[in-house]
Amino acid sequence: MCGIVAAASSNNIVPVLVEGLKRLEYRGYDSAGLAVIGSAGIERVRSVGRVAELESESAGTQAITGIAHTRWATHGIPSERNAHPHVSGSIAVVHNGIIENYETLRRELTAQGYVFTSDTDTESIAHLIQATLKTEPDLFKAVRIACQRLVGAYAIAVIDHTQPGKVIVAREGSPLLLGVSEPGKSTGNYAASDASALLQVTRNMVYLENGDIAELTASKVKITRLDGSPVERAIHVSELSAAAVELGNYQHYMQKEIFEQPEALANTLEIVGGSKSIQPGIFGAEAANLLADVDSILILACGTSSHSGYTARYWLEALAGVPCNVEIASEYRYRTSVANPRQLIVAISQSGETADTLAALRHAKALGQSKTLAICNVPESAIVRECTLRFITRAGPEIGVASTKAFTTQLAALFVLTLVMAKLRGKLSAEQEASYINELRHLPVAVNKVLSLENEIKTWAQRFADKHHALFLGRGMYYPIAMEGALKLKEISYIHAEAYPAGELKHGPLALVDADMPVISIAPNDRLLDKLKSNLKEVQARGGELYVFADQDSEIADSEGVHLLRLPEHYGQLSPILHVIPLQLLSYHVALVKGTDVDKPRNLAKSVTVE
Ligand code: F6R
């Protein structure tokens, strides 16, 4: 989604703005721009395409105050005229989010004589602030008053060339944080959509709350609420290392993140691996009391995060005996549902800022469902802050748009939740507990072994490049893994892919199978293997080409039309975590063969902060 960087400093901030935008590229964007306070007024550069182009176009520009933006189109096509910043008289504005009442504002402001030059909702913010400055000349106060008229979600940054040296930022619903001066290192104050953009200048981050507005100058930061009342916000020293957001020796972030999974899992499970027993306290101080009274679980999430939820449902019901449902957040939030105050709401999100998941969580709370748990990769995110319990996956920053390490660490967290629930419900013997802890401890090693299949998968990938469709099959807890495999393939290689529970094939999708439709099947050595083998025979009989990911000891052989790859070991209940890895590698290598933009697939954004 869109990214914001803003800076007020005593040094030239143009390189900081450009570097910040580069760090936000992973969020997905189609155009970029920046505006600075120059000697003759606002100087603005905008370009459709990569930040690198903006960098060359802004070479030679120097200023100490400025704002910058990467845009992911919502209102109006990607074009230079729609790119941010938007200017009205002396001011320039960048904005993330969606202003829902922009048409009303646009009509009003047009009637007052303001001329709109873009199709964006953002331009109405620029004119609204300019109009407010007529009666309230102080920029901070004018932005504060203007924000009170905005309906929707926003994070904004504003500069005014008649009031140089300051940037005003405000947030309601879209992420925004401040990076404040670090003694001896930086001489300025900054704002951005996420911390990775500001690590170049400071580690001292201040997370703004919804309804906060701040004024930044090179030496001072002032924060108030939109009604003008002053607030203090704590400084957090970011633990993110700049190296964690570097590509290093890898060709793409997605590749790096696939290979970081052993480490990400080890970090996420550190809290478990060192102990002999699993305690509810892992989820927060109130967890023991809160979880003991839970009678069912409702998981809310979107995309890949929902697939971890669907997988966990099998664990939670089978091992902990707790009824579990999973709902796509964008559906749940608008559905009339029956509230159950004893139900645990689990919001799963890599970013913790996904608008639909956040809204679904709020909807559940508004219905009186107060038992809430966040499983999230970003500790300071809105979803974590709005839940009573939390489990922070320690995957490290995930930059590639296609989620990989966030998914496997979510699965690990959900397995830990399953064990806690099983224990609380008297369904986990001490022996089983010790054995599962042991398996979790060795999971990173098992994942590492699966990663060694990469070369064989590369060979398979060549065969997919000219295909337009693919079917993914799985049964039981591997069906959501098949869904995840299909999502990965479609989002980065643009091959249409569908996942089906293998038993469902003969109820319709079998009609699609022919030599041009590769069928990828997950065939672990479990009690459903024989059933799956019959399903695969159905595909073979229709001339379909099968690509099977089996276990070492799955009784299945390669033959004409059946390509077989065996995972090094079967890992019992935790095997879904291993089986998704070859699917991630397959989609990555198919995308490489097809030459798509792996880390920034077309039309997609990393953190979906709009509805
Ligand atoms: C797919 C992908 C998306 C996200 C979804 C939810 O690879 O990354 O489907 O999983 O947008 O995002 P989070 O987990 O940040 O809520």
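Just follow the structure's listing: the first ligand is 1, and inside any ligand the first atom is 1. All values derive from a computational prediction rather than experimental measurement.
The main-chain N or O of Pro175 is never found under 3.5 Å from a side-chain atom of Ser193 such that the two would form a donor-acceptor pair. In this structure a side-chain-to-backbone donor-acceptor pair under 3.5 Å is missing from Asn82 to Ser79.
Taking the six-membered ring where tryptophan is involved, the planes of Tyr332 and His363 are perpendicular, since the angle between them exceeds 60° and thus also 30°.
Not a single heavy atom of Glu353 sits under 4.0 Å from any atom of ligand 1. Residue contacts with ligand 1 include Val401, since one of its heavy atoms falls under 4.0 Å from the ligand.
Proximity to Ala402 (heavy-atom distance under 4.0 Å) selects the following atoms of ligand 1: 7 (O). When each atom of ligand 1 is checked for a heavy atom of Ser305 under 4.0 Å away, the hits are 10 (O), 13 (P), 14 (O). For ligand 1, the atoms lying closer than 4.0 Å to a non-hydrogen atom of Gln350 are 13 (P), 14 (O), 15 (O), 16 (O). Near Ser349, with a cut-off below 4.0 Å to any heavy atom, the atoms of ligand 1 are 13 (P), 14 (O), 15 (O), 16 (O).
When each of Ile258, Leu592, Ile399 is tested with His252 by the rule side chain to side chain contact (heavy atoms under 4.5 Å, CB included), just one qualifies, namely Leu592.
Between the choices Thr304, Thr404, Thr357, the shortest heavy-atom distance to atom 10 (O) of ligand 1 belongs to Thr304. The option with the heavy atom closest to atom 6 (C) of ligand 1, from among Cys302, Gly352, Gly303, Ala301, is Cys302.
Judged by distance alone, the side chains of Glu25 and Tyr29 do bring a donor and an acceptor atom under 3.5 Å apart. Remark: the Thr372 side chain and the Glu386 side chain contain no N/O donor-acceptor pair separated by less than 3.5 Å.
For atom 7 (O) of ligand 1, the closest heavy atom belonging to the protein is Glu491 OE2, 2.5 Å. The single protein non-hydrogen atom nearest to atom 11 (O) of ligand 1 is Val608 CG2, 4.0 Å, given as residue, atom name and distance. When only non-hydrogen protein atoms are considered, atom 15 (O) of ligand 1 lies nearest to Ser351 OG, 2.7 Å. Counting protein heavy atoms only, atom 13 (P) of ligand 1 is closest to Thr354 OG1, 3.2 Å.
Residues Tyr436 and Phe415 place their aromatic rings such that the two centres sit under 6.0 Å apart. When ring centroids are compared, Tyr207 and His236 come within the 6.0 Å threshold.
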